[in-house]
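A short write-up of the structure that comes next.
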There are 2 protein chains.
Amino acid sequence: MRRMTARPANAHQARLLRLLRDGGPNSRAQLGDQVDLSRSKLAVEVDRLLETGLVVADGLAASRGGRRSHNIRLAPGLRFLGVDIGATSVDVAVTNAELEVLGHINQPMDVREGPVAVFEQVLAMAAKLKASGLAEGFDGAGIGVPGPVRFPEGVPVAPPIMPGWDGFPVREAISQDLGCPVMVDNDVNLMAMGEQHAGVARSVGDFLCVKIGTGIGCGIVVGGEVYRGVTGSAGDIGHIQVEPDGRPCACGNKGCLEAYFSGAALARDAEDAVGQGLLQELADRLDTAGKLSAVDVAAAAAAGDATAIDLIRAGGNRTGQVIAGLVSFFNPGLVVIGGGVTGLGHTLLAAIRTQVYRQSLPLATGNLPIVLGELGPTAGVIGGARLISDHLFSPA
Amino acid sequence: MRRMTARPANAHQARLLRLLRDGGPNSRAQLGDQVDLSRSKLAVEVDRLLETGLVVADGLAASRGGRRSHNIRLAPGLRFLGVDIGATSVDVAVTNAELEVLGHINQPMDVREGPVAVFEQVLAMAAKLKASGLAEGFDGAGIGVPGPVRFPEGVPVAPPIMPGWDGFPVREAISQDLGCPVMVDNDVNLMAMGEQHAGVARSVGDFLCVKIGTGIGCGIVVGGEVYRGVTGSAGDIGHIQVEPDGRPCACGNKGCLEAYFSGAALARDAEDAVGQGLLQELADRLDTAGKLSAVDVAAAAAAGDATAIDLIRAGGNRTGQVIAGLVSFFNPGLVVIGGGVTGLGHTLLAAIRTQVYRQSLPLATGNLPIVLGELGPTAGVIGGARLISDHLFSPA
DNA sequence: ATGACTTTCTCCAGTCACAGGACAAAGGGG
DNA sequence: CCCCTTTGTCCTGTGACTGGAGAAAGTCAT
């Protein structure tokens, strides 16, 4: 099925579509206040958008002391698909044109099985959402992958944790399978866009979004736009060296941040601690393979275990050390901490804050909030929907 | 004397002025090729610019097989003043509208004497340039100061090495004294703009410009525009911690990069080395106060002294360690090394390169040139001229 | 109910920006 | 001397846009 054949014909229409997306239904008069166009011109552009079917006028709003206004809203049938591919699980969600999540599925998965297997699963999940009646079809999809992406082409490049993905034409392939436009980006960038659109980063122009999960990455937003760097690898802070000649890292170097703190490193440290007789309450959580996960550590810390709290604090200190440097360098207006280990909560945040406030310049930290993301696992999928809507709501 | 009363009336005119600034004299036809406007519209805008006196038509170019074209160029009498205030010296230069340096003076100075004394000296230097016949007056001035600046107002904020400058209304005061528009920025940002306009960074959109002088700073260029951060302190990498619990730094923290490598730190290390019986050939260069400078170390290294080379290499390693992190984070297309210690030359560059290429991600370093700035002390003043011309060559 | 006042939206005419073609000017080459 | 190329100017038509004059549809006080 072919959907949303129309695209905005000019920058004004694109602007209006985004206003309706971000601000919800609006009257012509309210739109006019935000757009610096004469009422006449605005009416013309709105009429054209109505003709294309991208927006609809449904019903009258309550009077505000005068003639009642017509409600202009984005077509209620528009549906975007947000896909967030992690290292060990996938999130797939449908949103409407205002990027509200209508349905959300999360399933375990292993990226190392390669793109073909992963996207088979993703497409099945999308089909499930469609079958549940949330969408008759998709007008666009935004996909996040856990590694660098050559953004214009939508192709992962040299992804360390995703062997077999290098050069796989994700955008082209999924666009064919799904029959709609697709955009691909790094998962961290999607998280940043999600928090920017619907989370803690609303109304902040320049901010950093640090995602700590299986790996560590950082979304960089400059002037409201995601900055991706010249080869799409900007924000890859997991392999910044924090300890000269330190622990070996999977990347081949030594002393990388990720070798000290990430979901994987934390689990490994916890297993070691159990082996040394510490962290006894975690011993019974060991699975058959003798493995623990970051979630177990979070639970132990929440239960007040001192060793677990120490592990989290040590990792937070390392991470805070790196973030402190980035704050001095980038001077952001906000730092968002998110990703899988957000469950470690306040202990982690406190450690990071301590390091940053102590090490960074007073001028850079003076008015700098460091907060946890507020969207959790939906940040990525909302970011995906935002990514593709940004693309579709721009002049053809 | 009032000069350059006119400003471009619209974005087209601004665009044309910048093309003439960056590309030199041009015919209407050549301009038309670069600007995506019809010949008629272009002719109208050029005529209007001619009326204002901002550009002039002088003479005919050689024929290229048809009618000879008129040379359109920026008014030859336009003069910009570039001022680069360092910690221990000032550079002042006059440029024409194409930002070519017509005259350049450098004088020793001490920022700590405060803004009033410093600007008295700067104004005297400007007067000297004027008296030498290079300018009848100035159409604008761009000023760089060695500390963070609240850019829109042109006011230094909380400058660590410039007590007495905090809040001094540089832009307003100098604008009055000079009788022309003034813009103020961090000196590092000016260096970046200089190298971007006339140096190694031409045609690079995203790059970093590391200036190592009395302190260490980094200019950040994103999409061709200088990024200043939310409080104007972006790029302040001198106080990133490179050694937990390391050497005390003037900023009050410990282990800052500047405590290990900068003009001041290098001189101190050299003095220590002399005290320990090393670096004997430098002993006779000690001044009456028993002091050395970075220049002395550079000379010793050039003469082949192993200790001097080791000092430079050690500093380069520390700096490279920090830059490696920034490269992973920012994924630039180029890294420029400049500032006073550029005299340390290849030894320094090699150390930095080694660290970056070894520590940063292959994807980020794959095609990453790390080079010395090519403008030396003129980078800052050209950047100043560029800063003010960007401002003047934008719609009023 | 009635009139005064608001707010929203539409219609219309006039202005400005701009493109594109015709044409003039000025040169080169066979 | 004729034809071609390049550059620059002029002119006209089209579409974008503004601002004002209403019309439509409501609230509120009297």
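All values below were derived from every heavy atom in this structure, side-chain atoms included, with hydrogens, water molecules and symmetry-related copies excluded. In the text below, chain A, chain B and the rest are named by the order of the sequence lines, each starting its count at 1. On a predicted model such as this, the values are computed, not experimentally measured, just so you know.
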(request) Walk along DNA chain D from 5' to 3' and tell me the first and last nucleotide with an atom closer than 4.0 Å to a non-hydrogen atom of chain B. (result)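 The footprint of chain B covers D/dT5 to D/dC11.
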
(request) Kindly write out the residues that satisfy side-chain hydrogen bond (donor to acceptor under 3.5 Å, both in side chains) with B/Arg171, not counting sequence neighbours, or none if the list is empty. (result)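 None.
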
(request) Please list, chain by chain and in numerical order, all residues satisfying side-chain hydrogen bond (donor to acceptor under 3.5 Å, both in side chains) with B/Glu172, sequence neighbours excluded. (result)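 Once residues adjacent in sequence are excluded, B/Glu172 has no partner under the side-chain hydrogen bond (donor to acceptor under 3.5 Å, both in side chains) criterion.
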
Do NZ/NE/NH1/NH2 and the carboxylate oxygens of [X] and [Y] come within less than 4.0 Å?
| X | Y | value |
| --- | --- | --- |
| B/Arg48 | B/Glu45 | yes |
| A/Asp390 | A/Arg21 | yes |
| B/Asp36 | B/Lys41 | no |

(request) Quick one, give me the B/S/- string for nucleotides 13-18 of chain C, reading 5' to 3', where B means a protein heavy atom under 4.0 Å from the base and S means that only happens at the primed atoms, P, OP1 or OP2. (result) ----SS

(message) Surrounding CG of A/Asp33 (heavy atoms of other residues, nucleotides or ligands, distance under 6.0 Å), is the total greater than 12?
(response)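 Buried by this count: over 12 neighbours within 6.0 Å.
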
(message) Any residue in residues 56-69 of chain B with a heavy atom nearer than 4.0 angstrom to DNA chain D? Just list them by number, or reply none.
(response)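 Of all residues in residues 56-69 of chain B, the ones placing a heavy atom under 4.0 Å from DNA chain D are B/Arg64, B/Gly65, B/Gly66, B/Arg67, B/Ser69.
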
(request) Please state how far atom CZ in A/Arg39 lies from atom P in C/dC11, giving the value in whole angstrom units. (result)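 My rounded result for the distance is 14 Å.
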
(request) Figure out the CZ/P separation between B/Arg28 and C/dA25, and round it to whole Å. (result)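 Whole-Å distance recorded here is 16 Å.
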
(request) Spell out, as yes or no, whether a donor-acceptor pair under 3.5 Å connects the side chain of B/Glu195 to the backbone of B/Ala379. (result)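 Here the side-chain-to-backbone pair does not exist.
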
(request) Starting from the first five and the last five pairs of the helix from C/dA1-D/dT30 to C/dG30-D/dC1, work out the angle between the resulting helix axes, to 10 degrees. (result)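 The end-segment axes of the helix from C/dA1-D/dT30 to C/dG30-D/dC1 are tilted 10° relative to each other.
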
(message) Parallel, tilted or perpendicular, judged at 30° and 60°: which one describes the rings of B/Phe393 and B/Phe80?
(response)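 If you compare the ring of B/Phe393 with that of B/Phe80, the planes turn out perpendicular.
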
